[in-house]
Novice: 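Here's a structure for you.
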Amino acid sequence: QVQLVESGGGLVQPGGSLRLSCAASGLNLEYIVIGWFRQAPGKEREGVSCIAMHDAGDGSPYHADSVKGRFTISRDNAKNTVDLQMNSLKPEDTAVYYCAAHARGSVWYVCAQGVKYGIDYWGEGTLVNVSS
């Protein structure tokens, strides 16, 4: 049984930092891309950052333009975890953040197109609230 369990959400002031963690189980991670997506109230779900759990290709993660330079995604294959370090948080970053895993495609495809064409597995989400 595949499980993606998110942790680390909460309330933070603008300019602050949070670190989200996704623990994956029940998956063969060899060909998996794992990413973080978010959905703000009244908006569509969007891909934020994605990373391949394998070393094929150039290994570069994907970050949406809105978070480049502020968010960093990283993986720990030994622990089957993917973390999202979020710095310089803004009120517009407020959303439910979901961890997701997909068995095919590039990090760009999963993050930029995955919501439209389908993602294999989703976590339940964790709320990030950036507010003073």
Novice: Side-chain heavy atoms under 4.5 Å apart, restricted to Ile/Leu/Val/Met/Phe/Trp/Tyr: what other residues fall into the cluster of Val96, or is it alone?
Specialist: Val33, Phe37, Tyr62, Tyr98, Val107, Trp108, Tyr109, Val110, Val115, Tyr117, Ile119, Trp122, Leu127
Novice: For the residue pair Ser131 and Pro14, what are the closest heavy atoms and their distance?
Specialist: C-CD, 3.6 Å
Novice: As an exercise, state the distance from CD of Gln13 to CG of Asn129, rounded to the nearest 0.5 Å.
Specialist: 11.5 Å
Novice: If you round to the nearest 0.5 Å, how far is CG of Asp93 from OG of Ser66?
Specialist: 7.5 Å
Novice: What are the two closest non-hydrogen atoms of Ser88 and Ser17, and how far apart are they?
Specialist: N-OG, 4.4 Å
Novice: Does Thr81 offer a backbone N or O that forms a donor-acceptor pair with the side chain of Asp76 under 3.5 Å?
Specialist: no
Novice: CG of Asn28 to NE2 of His54: how many Å apart, nearest 0.5 Å?
Specialist: 11.0 Å
Novice: Determine whether Val5 and Leu20 fall in the same hydrophobic cluster, where Ile, Leu, Val, Met, Phe, Trp and Tyr are linked whenever their side-chain heavy atoms lie under 4.5 Å apart.
Specialist: no
Novice: Show your working on side chain to side chain contact (heavy atoms under 4.5 Å, CB included) between Ser74 and Gln85 and close with a plain yes or no.
Specialist: CA-CA 8 Å; Ser74 60; Gln85 178 65 42; over 6 Å; no
Novice: Within the structure provided, determine whether Asn77 and Met53 are in side-chain contact (heavy-atom separation under 4.5 Å).
Specialist: yes
Novice: Identify the residue among His63, Glu6, Met86 that makes a side-chain contact (heavy atoms from CB on, under 4.5 Å) with Trp36.
Specialist: Glu6
Novice: Locate the shortest heavy-atom distance separating Asp120 from His102; write the atom from each residue and the value.
Specialist: N-ND1, 3.2 Å
Novice: Using a strict 4.0 Å threshold on nitrogen-to-oxygen distance, state whether Asp65 and Lys68 make a salt bridge.
Specialist: yes
Novice: Do Gln39 and Glu46 come close enough that some side-chain heavy atom pair is under 4.5 Å?
Specialist: no
Novice: Is there a side-chain contact between Val130 and Glu92, using heavy atoms and a 4.5 Å cut-off?
Specialist: no
Novice: So does Asp83 pair up with Arg75, basic N to acidic O under 4.0 Å?
Specialist: no
Novice: Are Leu89 and Asn87 side-chain neighbours, meaning at least one heavy-atom pair lies under 4.5 Å?
Specialist: no
Novice: Before giving the answer on side chain to side chain contact (heavy atoms under 4.5 Å, CB included), spell out for Arg38 and Thr94 the whole-Å C-alpha distance, their side-chain angles and the decisive distance to 0.1 Å.
Specialist: CA-CA 9 Å; Arg38 67 186 181 187; Thr94 294; over 6 Å; no
Novice: Taking all heavy atoms of Ala101 and all of Ile34, pick out the closest pair and write down the distance.
Specialist: CB-CG1, 4.0 Å
Novice: Compare every heavy atom of Cys50 with every heavy atom of Gly35, then report the nearest pair and how far apart it is.
Specialist: CA-SG, 3.6 Å
Novice: Decide yes or no on side chain to side chain contact (heavy atoms under 4.5 Å, CB included) for Glu124 and Leu4, but give the supporting numbers first.
Specialist: CA-CA 8 Å; Glu124 303 228 339; Leu4 300 171; over 6 Å; no
Novice: For the SG atom of Cys99 and the CD atom of Gln3, what is their distance to the nearest 0.5 Å?
Specialist: 12.0 Å
Novice: Are Val2 and Ile32 grouped together when hydrophobic residues (ILVMFWY) are joined by side-chain heavy atoms under 4.5 angstrom apart?
Specialist: yes
Novice: Can you find a pair of side-chain heavy atoms, one from Asn80 and one from Ser25, that are under 4.5 Å apart?
Specialist: no
Novice: Does Arg70 reach the side chain of Lys90, with side-chain heavy atoms less than 4.5 Å apart?
Specialist: yes
Novice: In the structure I gave you, are the side-chain heavy atoms of Val82 and Ile51 within less than 4.5 Å of one another anywhere?
Specialist: yes
